[in-house]
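Presented below is the structure to which this report refers.
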2 protein chains.
Amino acid sequence: MTTLSIDRHDLALLDALQRSGEATNAALGETVHLSASQVSRRLQRLQEAGLITGYAALLDPAALGLDVIAFAHVVLERHGGVRTEAFEEGVAALPEVLECFSVSGNADYVLRIVAPDLAAFSELMMKRVLRLPGIANIKTDIVLGKVKQTHVLPLEHIARPSRPRRGVRYSAG
Amino acid sequence: MTTLSIDRHDLALLDALQRSGEATNAALGETVHLSASQVSRRLQRLQEAGLITGYAALLDPAALGLDVIAFAHVVLERHGGVRTEAFEEGVAALPEVLECFSVSGNADYVLRIVAPDLAAFSELMMKRVLRLPGIANIKTDIVLGKVKQTHVLPLEHIARPSRPRRGVRYSAG
DNA sequence: CCTAAAAATGCACGAACCGTGCGTATCGGA
DNA sequence: TCCGATACGCACGGTTCGTGCATTTTTAGG
């Protein structure tokens, strides 16, 4: 496990990076007021510490023909089984299921699913999702419109020393 | 608007890129069996066509102290107003609200929200979300466990000519 | 307050990477 | 089979990257 302390430069860097991950170190340095070499060194630390888990190209779902988004609320049968494992593995194997969380509330799981169109979505639900083991019932919310969608995590809650200090430490192991 | 046709090399490229957006053109070319120069040219086309909307660094929410994820199901009041705009703008201005969709079903909107902990989440809901205009009621599902979470869109549904062809075209304007 | 250790900074330099021009090869249509 | 169009790999100049080094700034202790 690596441990490090974060200062305001690191926060500005993380914020800039999750918005434009393709920026050069020089460009990043200009927005956060650091030299390119410092940006390079800081990024190396942040990555080793596990704060930066990777980089990704963001694709436009609509341009790829993925026009349907839906949230599926799954309730499992309750005959005290190990069926949850089978269900979770089955879900993880479906590429159209982008997310699956177990949740509090009425449902056991919430799934975020994408599909090309309603016909494909229907077929996916009937032939793949509903056939997963242990399902009692599913209620589905189909997305009608996108008000907001971002991958940018809020960083405002993190204390911002002007310099790294002992005490406030962030880690990932 | 730019229009282009996609072949299997482009698909392989998009798939590789959304998994590791930091890979060099040479490395990408190795996985998709193309030269680095071709990768460069294809990426340029895919970006101009709008299929690639950007690049981002992926951060670890837990390492940043964001331990709470929740889905909020919002029902608006129904006195035929333009309050929906005010609500949507208010939601868009909250950095903790990563996503907001209008949906079919019982609720009007589904919001995905992150927060450092339950105390902060509670305060966020009470002081910011519930004070948005036009809200009738909110039901919240708090995430207990993460079974799967990915940003990788499925591409299996796209036809895969060995070469670009006229007819099958993808676009983004 | 003063001093010394530690850490961060900017610059410089060699290596790696990127985009483009160009000649060649391959594909599709007639 | 022939021709136009398109995709391909190679090579090259410009850019970017990471690291070593000397300097400056900050922290902690006396």
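All values derive from a computational prediction rather than experimental measurement.
If you take CD1 of A:I6 and C1' of C:dA7, they are 17 Å apart, rounded to a whole angstrom. Rounded to whole Å, atom P of C:dC18 lies 8 Å from atom CG of B:L28. The distance between atom CG of A:N25 and atom P of C:dG10, rounded to the nearest whole Å, is 13 Å. When rounded to the nearest whole Å, the span between CZ of B:R45 and C1' of D:dC8 equals 12 Å. Nucleotide C:dT9 holds its C1' atom 16 Å from the CG atom of A:L43, rounded to whole Å. Taking atom CG of residue A:D7 and atom C1' of nucleotide D:dT27, one finds them 15 Å apart after rounding to whole Å. A:Q47 places its CD atom 10 Å from the P atom of D:dG18, with the value rounded to the nearest Å. One can place NE2 of A:H9 at 17 Å from P of C:dA7, the figure rounded to the nearest angstrom.
Side-chain atoms of A:H33 do not come within 3.5 Å of backbone N or O of A:H9 as any donor-acceptor pair.
For D:dA7, neither phosphate oxygen OP1 nor OP2 lies less than 4.0 angstrom from any side-chain nitrogen or oxygen of B:R42. In this structure, B:Q44 reaches the C:dT20 phosphate: one of its side-chain N or O atoms is under 4.0 Å from OP1 or OP2.
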Quick one: which protein N/O atoms are closer than 3.5 Å to N/O atoms of nucleotides 9-12 of chain D? Pair and distance per line, please.
unit_1: D:dG9; atom_1: OP2; unit_2: B:S35; atom_2: N; d: 3.0
unit_1: D:dG9; atom_1: OP2; unit_2: B:S35; atom_2: OG; d: 2.7
unit_1: D:dG9; atom_1: N7; unit_2: B:S37; atom_2: OG; d: 3.4
unit_1: D:dG9; atom_1: N7; unit_2: B:Q38; atom_2: NE2; d: 3.2
unit_1: D:dG9; atom_1: O6; unit_2: B:R41; atom_2: NH2; d: 2.6
unit_1: D:dC10; atom_1: N4; unit_2: B:S37; atom_2: OG; d: 3.0

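Listed by first then second residue, pairs satisfying side chain to side chain donor-acceptor pair (under 3.5 Å) with a partner in residues 109-122 of chain B read B:E88-B:Y109, B:E99-B:R112, not counting sequence neighbours.
Looking only at side-chain heavy atoms (C-beta outward), B:L98 and A:L153 come within less than 4.5 Å of each other.
When all heavy atoms of A:L111 and A:C100 are compared, the pair lying nearest together is CD1-SG, 3.8 Å.
Between B:F71 and A:F71, the ring planes lie perpendicular to each other; the angle is over 60°, past the 30° to 60° tilted range.
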Taking only distance into account, with no hydrogens and no angle test, what donor-acceptor pairs under 3.5 Å do side-chain atoms of residues 137-146 of chain A form with protein atoms, sequence neighbours excluded?
unit_1: A:K146; atom_1: NZ; unit_2: A:Q149; atom_2: OE1; d: 3.0

